[in-house]
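Dropping the structure in here first, questions after.
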Amino acid sequence: MICFIGGVGFQEVLLIALVVLLFFGGKKIPELMKGLGKGVKSFKDGMRDVESDIKAPIEEMKAEADPNAKKDK
């Protein structure tokens with residue numbers, strides 16, 4: 001049995017999939033999924049950039065506080 005968030009069951013998911021298929025048609029679904037995949041990839045890249053932007057100043061402050069510490073790279 002598959003558990004969904006908010007009590008959404010198999011019938012509801014099937015109904016949503018059917019509505020999406022009818023609304024967009026079979027030929028547009030792969031294009032939509034490709035665009036969704038690119039969006040997720042772009043979001044992950046952006047999160048990685050933000051993470052590196054946050055970590056860099058922290059590492060600089062640690063290096064200034066202890067100039068004899070080795071850098072991990």
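Side chains included, hydrogens not; waters and symmetry mates left out as well; all remaining heavy atoms used.
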| query | Stepwise, does the salt bridge (charged side-chain N to carboxylate O under 4.0 Å, His left out) test hold for K34 with E31? | reply | CA-CA 5 Å; K34 184 178 180 181; E31 293 175 19; over 6 Å; no

| query | Ion pair present between K62 and E59, side-chain N to carboxylate O less than 4.0 angstrom? | reply | no

| request: To the nearest 0.5 angstrom, please state how far the CD1 atom of I54 sits from the CD1 atom of I58. | output: 7.5 Å

| query | Donor-acceptor pair, E12 side chain versus G9 backbone, under 3.5 Å? | reply | yes

| Ion pair present between K55 and E51, side-chain N to carboxylate O less than 4.0 angstrom? | yes

| task | Supply the atom-to-atom distance K44 NZ to M47 CE, rounded to the nearest 0.5 angstrom. | result | 11.5 Å

| With clusters built from Ile, Leu, Val, Met, Phe, Trp and Tyr whose side-chain heavy atoms come within less than 4.5 Å, directly or transitively, what are the remaining members of the cluster of V20, listed by chain and number? | I16, L21, F23, F24, I29, L32, M33, L36

